[in-house]
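Read the structure below first, then the notes.
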Amino acid sequence: MNVGDTLPPLEIPITRTLIVAGAIASRDYQDVHHDAALAQEKGSPDIFMNILTTNGLVGRYITDHLGPRAVLRKVAIRLGAPNYPGDTMTLTGTVTAVSGTASSGSAVAGTVVEIRVVGANGIGHHVTGTVTAEVPA
């Protein structure tokens, strides 16, 4: 893995089930994540995905590429355009840094990789950020 390498894109269909299940799994019971009528009363055209679900999908994207032994050390993301039902979010990633070995205090020795992640949907960038992961030797 080298700086500038790109990860293959991952398309994720945004369904009502995904949005609601993610909110329930993360114990986020705010009505805008499960009740369309109340979301509309608050100015949203529909329910929308919460940040915890997005965070999980970003983590999945990275570990799907780096392998099940990869350890996420830092996930720093920022939300933009909401993910509404019926859209598709496409995650893409670019390697921005690679270091030879993890710090001596790390529980897992290996290569540390920093990846810039963007998740785009039909109205813009839903998520942007950086993930630092350690890949065991």
Side-chain angles (χ1 to χ4, degrees):
M1 188 163 289
N2 299 300
V3 171
D5 286 354
T6 57
L7 281 62
L10 174 65
E11 290 187 358
I12 301 171
I14 307 302
T15 64
R16 285 186 188 286
T17 301
L18 175 62
I19 293 169
V20 174
I24 291 169
S26 62
R27 303 180 84 162
D28 183 348
Y29 304 118
Q30 291 199 27
D31 51 23
V32 294
H33 303 308
H34 65 84
D35 188 317
L38 290 175
Q40 289 169 354
E41 281 181 27
K42 293 180 177 179
S44 177
D46 206 337
I47 63 172
F48 54 90
M49 184 176 285
N50 71 358
I51 192 168
L52 298 170
T53 303
T54 300
N55 196 58
L57 292 170
V58 167
R60 168 195 161 195
Y61 176 58
I62 298 300
T63 58
D64 279 0
H65 181 73
L66 297 179
R69 294 181 57 220
V71 178
L72 302 180
R73 294 293 180 200
K74 181 179 179 185
V75 178
I77 61 171
R78 180 169 244 166
L79 292 184
N83 267 341
Y84 294 118
D87 208 343
T88 298
M89 177 175 66
T90 303
L91 289 166
T92 56
T94 304
V95 177
T96 56
V98 178
S99 67
T101 58
S103 63
S104 59
S106 175
V108 181
T111 302
V112 176
V113 180
E114 183 180 272
I115 300 170
R116 174 83 173 143
V117 177
V118 175
N121 60 31
I123 55 177
H125 287 171
H126 169 68
V127 63
T128 56
T130 304
V131 177
T132 304
E134 192 169 330
V135 183

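- Distance check, rounded to the nearest 0.5 Å: CG of Asp87 to CD1 of Ile14 gives 7.0 Å.
- Tyr61 is linked by a ring pair (Phe, Tyr, Trp, His ring centres under 6.0 Å) to nothing, counting only residues two or more places apart in sequence or in another chain.
- The main-chain N or O of Asn2 is found under 3.5 Å from a side-chain atom of Asp5 such that the two form a donor-acceptor pair.
- In this structure, the separation between CG on Leu10 and CG on Asp64 is 7.0 Å, given to the nearest 0.5 Å.
- Between the side chain of Thr96 and the backbone N or O of Glu114, at least one donor-acceptor pair lies under 3.5 Å.
- Atom-to-atom distance recorded for Ile51:CD1 and Arg78:CZ is 9.5 Å, nearest 0.5 angstrom.
- Between Ala36 and Arg16 the shortest heavy-atom distance is CB-NH1, 4.4 Å.
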Side-chain donor/acceptor pairs under 3.5 Å, residues 122-129, sequence neighbours excluded:
from	atom 1	to	atom 2	distance (Å)
His126	ND1	Ala81	O	2.8
His126	NE2	Thr54	OG1	2.7
His126	NE2	Asn83	ND2	3.3

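- Met1 and Val131 fall within a single hydrophobic cluster, where Ile, Leu, Val, Met, Phe, Trp and Tyr are joined by side-chain heavy atoms under 4.5 Å apart, directly or via other members.
- Annotation for Glu11 and Thr90: closest pair CG-OG1, 3.6 Å, computed over non-hydrogen atoms.
- In this structure, the separation between CG on Asn121 and CD1 on Ile12 is 11.5 Å, given to the nearest 0.5 Å.
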Report task. Please assess Thr53 against Ile19 for the test side chain to side chain contact (heavy atoms under 4.5 Å, CB included), listing each intermediate value before the final yes or no. Result -> CA-CA 8 Å; Thr53 303; Ile19 293 169; over 6 Å; no
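- For the pair Gln40 (side chain) and Asp46 (backbone), a donor-acceptor distance under 3.5 Å is absent.
- Both Val117 and Leu7 are part of a single hydrophobic cluster, where members link through side-chain heavy atoms under 4.5 Å apart.
- Across Asp31 and Lys42, no two heavy atoms sit closer than the pair OD1-NZ, 2.9 Å.
- Scanning both residues, Ala97 and Val3, for their nearest heavy atoms gives CA-CG2, 3.8 Å.
- Put simply, Val75 and Leu52 are part of the same group of oily side chains (I, L, V, M, F, W, Y) that touch within less than 4.5 Å, one to the next.
- In this structure, His33 contributes its side chain and Phe48 its backbone to a donor-acceptor pair below 3.5 Å.
- Note on Val32: it does not cluster hydrophobically with Leu18, by side-chain heavy-atom contacts below 4.5 Å among ILVMFWY residues.
- Taking hydrophobic clusters as Ile, Leu, Val, Met, Phe, Trp and Tyr residues chained together by side-chain heavy-atom distances below 4.5 Å, Leu57 shares a cluster with Ile77.
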I'd like a table of donor-acceptor pairs (distance under 3.5 Å, sequence neighbours excluded) in which one partner is a side-chain atom from residues 20-27, with atom names and distances.
from	atom 1	to	atom 2	distance (Å)
Ser26	OG	Gly22	O	2.8
Ser26	OG	Ala23	O	3.3
Ser26	OG	Asn50	ND2	3.0

Report task. Check step by step if side chain to side chain contact (heavy atoms under 4.5 Å, CB included) holds for Arg60 and Leu91. Result -> CA-CA 10 Å; Arg60 168 195 161 195; Leu91 289 166; over 6 Å; no
